[in-house]
Protein chains: 2
Amino acid sequence: MATPSLDTIFAALSDPTRRAILQMLLEDDMAVTDVAEPFDISLAAISKHLTVLTLAGLISQEKRGRVKWCKLEPDALRDASIWMQSFGQFEAVNLEAFEAYLEQALTSQGKRPDETAGPKE
Amino acid sequence: MATPSLDTIFAALSDPTRRAILQMLLEDDMAVTDVAEPFDISLAAISKHLTVLTLAGLISQEKRGRVKWCKLEPDALRDASIWMQSFGQFEAVNLEAFEAYLEQALTSQGKRPDETAGPKE
DNA sequence: GCCAAACTTAACCTATTGGTTGAAAGTACG
DNA sequence: CGTACTTTCAACCAATAGGTTAAGTTTGGC
């Protein structure tokens, strides 16, 4: 498939249901029915959302037997993020935050190295 | 204003005209008419796009005299990026860049980084 | 072979989006 | 003061989005 446009990716991300689905798929691959379970909308609606996510390249779907498995595909997400990082100021802000984190991590390192060694998961 | 939702931010980013406007505002603050100049659509349409960007918190607008100046506001963008970073694989990629920056920033700053202090997981 | 399970498709509905044009509002200036 | 400039508002339009229900299509299993 041609790599999806930023238009498509951002549009896909703009819906809370779809973002929630992506979060769920972080944990594990899921069947369509299982994806739909926590939501209050019809299976057909979920099926549409999954199509949107697939067209955006954010997930892939593979049919095994009568079950269609959905899998997270983080590449598209990375494309979107790269676009964001093309913003100078934003990058600056980001790096500032980094520095702040860094400084704090370094200072407190003398005291409690283990607790401050990295970002929380 | 209440901090705009991810819905609003991503929806704002999903339009190519609006992303182009953001790119332009990276260079400098601009008046509405000047923002509109390179585009092939009506001024009213641009005005609407600017409203969308403002509601998303991606830009701010300040009126001085009869000119309304548009200014990039990268905070909302950062929110969106933070959401993205909650995605495991993607985070890994990003943290690599973090580490690289960190190392370079510290060395050029004259600080003494302890090489083991970087975020790593 | 038949029924149920797992999805998708089709037809439909309403609200929103992105665009238009034309008029209005506020402001600078000769 | 009047006029031109900058921007928004209002009314409108076509297309899309997100949802519905009902019917259709594969596939697995008794």
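Residue numbering restarts at 1 for every chain, and letters A, B, ... go by the order of the sequence lines.
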Under 4.0 Å protein heavy-atom contact, by nucleotide of nucleotides 25-30 of chain D - B base, S sugar-phosphate only
-SBS--

Going 5' to 3' along nucleotides 9-20 of chain D, which nucleotides have protein heavy atoms under 4.0 Å from the base (write B), which only from the sugar-phosphate (write S), and which from neither (write -)?
B-B------SBB

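The CG atom of A:Leu6 sits 10.5 Å away from atom OG of B:Ser14, with the distance rounded to the nearest 0.5 Å. To the nearest 0.5 Å, atom CE of residue A:Met24 and atom CG of residue A:Leu72 are 12.0 Å apart. With values rounded to the nearest 0.5 angstrom, A:Asp7 atom CG is found 10.5 Å from B:Leu13 atom CG. Here B:Thr8 contributes atom OG1 and B:Leu55 contributes atom CG; the two are 8.0 Å apart, rounded to the nearest 0.5 Å. In this structure, A:Arg19 CZ and A:His49 NE2 are separated by 11.5 Å, a value rounded to the nearest 0.5 Å.
The hydrophobic cluster containing B:Leu50 does not contain B:Val67, counting ILVMFWY residues as joined when their side-chain heavy atoms lie under 4.5 angstrom apart, directly or transitively.
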Would you give me the side-chain donor-acceptor pairs under 3.5 Å for residues 37-47 of chain A, sequence neighbours excluded?
from    : atom 1 : to      : atom 2 : distance (Å)
A:Ser42 : OG     : A:Ala45 : N      : 3.1

Side-chain donor-acceptor distances from residues 59-66 of chain B under 3.5 Å, at least two apart:
from    : atom 1 : to      : atom 2 : distance (Å)
B:Ser60 : OG     : B:Glu73 : OE2    : 3.0
B:Gln61 : OE1    : B:Thr54 : OG1    : 3.1
B:Glu62 : OE1    : B:Arg64 : NH1    : 3.3

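A straight line from CD of B:Glu37 to C1' of D:dC5 spans 16 Å, rounded to a whole angstrom.
A 4.0 Å heavy-atom criterion places the boundary nucleotides of DNA chain C facing chain B at C:dG18 to C:dA28, written 5' to 3'.
Using a 4.5 Å heavy-atom threshold, the side chains of B:Trp83 and A:Leu77 count as touching.
For A:Asp34, there are no side chain to side chain donor-acceptor pair (under 3.5 Å) partners two or more places apart in sequence or in a different chain.
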